[in-house]
J.: 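Below is one structure. I have some questions about it.
Worth saying up front: this structure is predicted, and the values here are computed from it rather than measured.
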Amino acid sequence: QVQLVESGGGLVQTGGSLRLSCAASGRAVSTNAMGWFRQAPGKEREFVAHISWRGGSTNYAVSVKGRFTISRDNAKNTQYLQMNRPIPEDTAVYYCALRDNRWGDTRSAGWDYWGQGTQVTVSP
């Protein structure tokens with residue numbers, strides 16, 4: 001089994017920056033795609049970004065492209081989400097996801113493991 005633990009969430013001002021981390025434990029995840037999803041109150045969980053097993057391929061939701069950057073460090077079994085220039089609409093619980101596949105998927109149903117989530121609140 002794989003456990004995923006997110007960290008780095010909190011309160012940030014519009015235009016600031018925040019970096020989320022997701023540490024995997026239980027086994028090495030260097031052959032797995034990793035991703036980030038988010039869920040705002042009253043809304044469905046939505047795709048944010050995903051990264052392929054070696055980090056050579058990334059994909060972003062239109063709403064965050066150009067502001068957020070996903071990356072990973074396989075030596076540390078960890079992925080990151082650098083959030084630059086966040087806006088209040090980015091306020092949500094952010095979830096780390098892992099897939100038993102080398103390539104990512106924008107559908108939440110395509111992921112096999114999930115973290116507990118970390119709250120990100122962006123103030124105006």
J.: Would you call Ser52 and Arg102 a side-chain contact if the rule is heavy atoms closer than 4.5 Å?
T.: no

J.: If you group Ile, Leu, Val, Met, Phe, Trp and Tyr by side-chain heavy-atom gaps below 4.5 Å, do Val48 and Tyr80 land in one group?
T.: no

J.: What are the two closest heavy atoms between Ala40 and Ala92, and how far apart are they?
T.: N-CB, 3.8 Å

J.: Restricting to non-hydrogen atoms, name the atom on Asn84 and the atom on Ser17 that form the minimum distance, rounded to 0.1 Å.
T.: OD1-CB, 3.5 Å

J.: Considering all heavy atoms of both residues, which atom of Gly16 and which atom of Pro86 are nearest to each other, and what is their separation?
T.: O-CD, 3.0 Å

J.: Say whether, by atom type as modelled, one donor and one acceptor occur between the side chain of Glu44 and the main chain of Gln39 under 3.5 angstrom.
T.: no

J.: Short question: side chain of Asn77, backbone of Ala23 - any donor-acceptor pair under 3.5 Å?
T.: no

J.: Shortest non-hydrogen contact from Ile51 to Ser71?
T.: CD1-CA, 3.7 Å

J.: Would you say CD of Gln3 has more than 12 non-hydrogen atoms from neighbouring residues, nucleotides or ligands within 6.0 angstrom?
T.: yes

J.: Can you name the nearest heavy-atom pair linking Gly35 to Gln79, along with the distance?
T.: O-NE2, 2.8 Å

J.: Where do His50 and Asp105 land on the side chain to side chain contact (heavy atoms under 4.5 Å, CB included) test, with the steps shown first?
T.: CA-CA 7 Å; His50 65 63; Asp105 190 334; 5.6 Å; no

J.: Can you check ring pair (Phe, Tyr, Trp, His ring centres under 6.0 Å) on Phe47 and Phe37, steps first, answer last?
T.: CA-CA 5 Å; Phe47 165 71; Phe37 286 74; 5.8 Å; yes

J.: In sequence, state the C-alpha distance, the side-chain angles, and the governing distance for Tyr60 and Thr69, and then conclude on side chain to side chain contact (heavy atoms under 4.5 Å, CB included).
T.: CA-CA 8 Å; Tyr60 297 91; Thr69 302; 3.8 Å; yes

J.: Under 6.0 Å from the ring centre and within 45 degrees of the ring axis: does the NZ or CZ of Arg99 meet both conditions for the six-membered ring of Trp53?
T.: no

J.: Between Arg67 and Arg85, is there a donor-acceptor pair closer than 3.5 Å when you use the side chain of the first and the backbone of the second?
T.: yes

J.: As a quick check of understanding, evaluate side chain to side chain contact (heavy atoms under 4.5 Å, CB included) for Thr106 and Asn59, giving each step before the final call.
T.: CA-CA 8 Å; Thr106 60; Asn59 189 23; 3.5 Å; yes

J.: Just wondering, do Met34 and Cys22 contact through their side chains at under 4.5 Å, heavy atoms?
T.: yes

J.: Given the rule that I, L, V, M, F, W and Y join up when any side-chain heavy atoms are under 4.5 Å apart, are Ile70 and Trp111 in one cluster?
T.: no

J.: Under 3.5 Å, is there a donor-acceptor pair between the side chain of Asp90 and the main chain of Thr14?
T.: no

J.: Are Tyr94 and Val2 connected in the hydrophobic side-chain network, where two residues link if heavy atoms are under 4.5 Å apart?
T.: yes

J.: Is there a path from Leu20 to Tyr113 through hydrophobic residues (I, L, V, M, F, W, Y) whose side chains come within less than 4.5 Å of each other?
T.: yes

J.: Check whether more than 12 heavy atoms from other residues, nucleotides or ligands sit under 6.0 Å from atom CD of Gln13, and answer yes or no.
T.: no

J.: Looking only at atom types and distance, does a side-chain atom of Thr78 sit under 3.5 Å from a main-chain N or O of Lys76, one as donor and one as acceptor?
T.: yes

J.: Ignoring hydrogens and geometry beyond distance, is a side-chain donor-acceptor pair present between Glu6 and Trp36 at under 3.5 Å?
T.: no

J.: Could you pull out the closest heavy-atom pair between Gly104 and Ala33, with the gap in Å?
T.: N-CB, 3.6 Å

J.: Within a 6.0 Å radius of atom CZ on Arg54, are there more than 12 heavy atoms belonging to other residues, nucleotides or ligands?
T.: no

J.: Can you confirm whether the side chains of Asn32 and Arg27 place a donor and an acceptor under 3.5 Å from each other?
T.: yes

J.: Is there a path of hydrophobic side-chain contacts, each under 4.5 Å between heavy atoms, that joins Tyr95 and Val64?
T.: no

J.: Look at the side chain of Thr91 and the backbone N and O of Val122, then say whether any donor-acceptor pair between them is shorter than 3.5 Å.
T.: yes

J.: Do side-chain atoms of Arg38 reach the backbone of Val120 as a donor and acceptor pair under 3.5 angstrom?
T.: no

J.: Do Leu81 and Phe68 have side chains that get closer than 4.5 Å, going by heavy atoms?
T.: yes

J.: Trp103 vs Ser57, test: side chain to side chain contact (heavy atoms under 4.5 Å, CB included). Steps then yes/no.
T.: CA-CA 8 Å; Trp103 309 101; Ser57 176; 4.0 Å; yes

